[in-house]
Amino acid sequence: MDSTRRTEDEQAARWNGPAAHAWVEAEAVLDQMLRPFEDLLVEAVLAEPGRHVLDVGCGTGGTTLAVARRLGTESRCVGIDISEPMISAARARTQREGIQASFVRGDAQDHAFEPATFDTVMSRFGVMFFKDSVRAFTNLRRAARDDARLRFVTWRGPDENPFMTTAERAAAPLLPDLPARRPDEPGQFAFADPDRVHRILEESGWTGIDIRPVDVVCTLPEKELVGYFTRLGPVSQVLPATDEQTRARVVETVRAAFDTYVHATEVRFTAACWLVGARASTAS
Ligand SMILES: C[S@@+](CC[C@H](N)C(=O)[O-])C[C@H]1O[C@@H](n2cnc3c(N)ncnc32)[C@H](O)[C@@H]1O
């Protein structure tokens, strides 16, 4: 099997396995934590005309629905995600909330979108997991109308986001099998280098590329913190295979490492991200 196919399979497996179920279970906490980015994207989408919106790597649909709610019944908002559990959760939520939006389970790298359909392609942290980013953004360009806009948020590097690596740094001495982050592989920090993001978008038929830093304060309830780091991220991947005693020590050690972010009943940290904008190039 070639390595491209292997990585795609790994990503598909990851987002259809425990990681997806963890995201679904933590939906409310994650939506609260990432709400400032939802607001950023909603404002960016509403600032320009056009009501056909594609949300890439939409997860359980929080951002898709926030945009659909604001655009109203004339809009056509579509979320795509590779994860069946996440898409099922998004569909259930749409029904629950009575909002008009639709969800597709598919790989954004090669899903057969109807060509030249969307006025806006957006994403909240859903575009860093492609094995072939140029293929993905070329496919998204094909789905976009000429001059459509692209708006997404993505993480800057781990050095600027110490909250995100607190758990693995604290747990490393206790968990020898902890998987290492691979910055050159698909993953949370794969778009940390803005020059790389610029190159990918340029090669994929996007123009007017604007990549600006945004530093955003995010919060979650302190009572959700242990659930957060035991369910999500590298520590959560190895924790189920450890014995009870080690697990208890990891939880205690990691929880203490987060103390600096805890303010009474709230956990607070600054997320260092890029807000990326571009337009679908009309040059053929
Ligand atoms: C970090 S989560 C973000 C989810 C959501 N946008 C949010 O902010 O709550 C990344 C999402 O990208 C999805 N994803 C990963 N690779 C994908 C691909 N090739 N095509 C579509 N979705 C993908 C995952 O299944 C996951 O839902």
Side-chain angles (χ1 to χ4, degrees), residues 4-42 44-45 53-68 77-91 93-94 101 103-113 121-140 143 151-155 161 164 181 185-192 200 204 214 216 218 220 228 231-234 236 271 273-276:
T4 302
R5 177 54 56 200
R6 190 174 57 240
T7 309
E8 281 169 15
D9 289 349
E10 273 170 20
Q11 288 297 319
R14 175 180 174 209
W15 292 109
N16 284 280
H21 294 289
W23 268 77
V24 171
E25 282 166 27
E27 178 186 281
V29 175
L30 291 170
D31 273 340
Q32 175 192 331
M33 187 174 111
L34 302 177
R35 174 76 34 83
F37 294 102
E38 175 186 305
D39 295 344
L40 263 180
L41 286 171
V42 169
V45 172
V53 178
L54 176 66
D55 184 6
V56 181
C58 63
T60 64
T63 315
T64 327
L65 295 183
V67 168
C77 295
V78 180
I80 181 165
D81 202 287
I82 203 168
S83 166
E84 180 59 46
M86 308 267 259
I87 284 293
S88 297
R91 288 189 181 129
R93 188 173 181 177
T94 311
F103 292 93
V104 179
R105 188 208 168 180
D107 185 337
Q109 291 175 106
D110 50 24
H111 180 74
F113 294 106
V121 177
M122 67 167 186
S123 182
R124 184 178 75 176
F125 304 124
V127 292
M128 307 88 80
F129 305 96
F130 304 130
K131 174 59 191 176
D132 186 340
S133 296
V134 171
R135 174 151 63 94
F137 280 98
T138 302
N139 197 36
L140 296 172
R151 296 280 183 273
F152 65 84
V153 284
T154 184
W155 295 95
N161 285 291
M164 286 294 155
R181 300 251 189 190
E185 291 282 311
Q188 181 176 17
F189 297 118
F191 274 15
I200 289 168
S204 316
V214 284
V216 171
C218 296
L220 67 151
Y228 171 80
R231 275 199 196 116
L232 299 153
S236 73
C273 296
W274 300 118
L275 175 60
V276 179

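What you see is a predicted model; the values in this text were computed from it and never measured. Whatever order the structure lists them in is the order used to number ligands and atoms, beginning at 1.
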Q: Looking only at non-hydrogen atoms, find the nearest pair between Met122 and Val45 and report the distance.
A: SD-CG2, 3.9 Å
Q: Using a strict threshold of under 4.0 Å (side-chain N to carboxylate O), is an ion pair present between Asp107 and Lys131?
A: no
Q: Measure across Phe37 and Val153 and return the closest heavy-atom pair with its distance rounded to 0.1 Å.
A: CD2-CG1, 4.0 Å
Q: If we set the cut-off at 4.0 Å for heavy atoms, which region of Pro186 has an atom near ligand 1: side chain, backbone, both, or neither?
A: neither
Q: Which residue supplies the protein heavy atom nearest to atom 4 (C) of ligand 1, what is that atom called, and how far is it?
A: Gly57 O, 3.4 Å
Q: Please find the pair of heavy atoms, one from Pro234 and one from Arg181, that lie closest to each other, and give the distance.
A: CD-NH2, 3.9 Å
Q: Is Met86 close enough to touch ligand 1? Criterion: a residue heavy atom under 4.0 Å from a ligand atom.
A: yes
Q: Using distance alone, decide if ligand 1 has a nitrogen or oxygen within less than 3.5 Å of any nitrogen or oxygen in Ala108.
A: yes
Q: So do Cys58 and Thr63 actually touch side chain to side chain, heavy atoms under 4.5 Å?
A: no
Q: Ser123 pairs by side-chain contact (heavy atoms from CB on, under 4.5 Å) with which of Val56, Thr154, Leu54, Val276?
A: Val56
Q: Does ligand 1 have an atom that lies less than 4.0 angstrom from a heavy atom of Gly62?
A: no
Q: Of all the atoms in ligand 1, which lie at a distance below 4.0 Å from a heavy atom belonging to Ser83?
A: 25 (O)
Q: Of the protein's non-hydrogen atoms, which lies at the shortest distance from atom 16 (N) of ligand 1, and what is that distance?
A: Phe129 CB, 3.6 Å
Q: Indicate yes or no: does an N/O atom of Thr63 lie under 3.5 Å from an N/O atom of ligand 1?
A: no
Q: Please determine whether any non-hydrogen atom of Asp81 lies less than 4.0 Å from an atom of ligand 1.
A: yes
Q: Looking at ligand 1, does Trp23 have a heavy atom less than 4.0 Å from it?
A: yes
Q: Return the minimal non-hydrogen interatomic distance between Ser204 and Ser133, and the atom names on each side.
A: OG-O, 4.4 Å
Q: Parallel under 30°, tilted from 30 to 60°, perpendicular over 60°: which one fits the rings of Trp15 and Trp23?
A: perpendicular
Q: Tell me which protein heavy atom sits closest to atom 22 (N) of ligand 1, plus the residue, atom name and distance to 0.1 Å.
A: Ile82 N, 3.2 Å
Q: May I ask you to check whether Asp107 has an N/O atom sitting below 3.5 Å from an N/O atom of ligand 1?
A: yes
Q: May I ask you to test the Val29-Arg231 pair for a side-chain heavy-atom distance under 4.5 Å?
A: no
Q: Could you tell me if any non-hydrogen atom of Gly61 lies under 4.0 Å from any atom of ligand 1?
A: no
Q: May I ask you to identify the nearest protein heavy atom to atom 1 (C) of ligand 1, giving residue, atom name and distance to one decimal place in Å?
A: Phe125 O, 3.3 Å
Q: I'd like to check Ile80 versus Phe113 (side-chain heavy atoms, cut-off strictly below 4.5 Å). Are they in contact?
A: yes
Q: Among all the protein's non-hydrogen atoms, which is closest to atom 8 (O) of ligand 1, and how far away is it?
A: Arg124 NE, 2.6 Å
Q: With heavy atoms of Gly106 as the reference, note each atom of ligand 1 found under 4.0 Å away.
A: 20 (N), 21 (C)
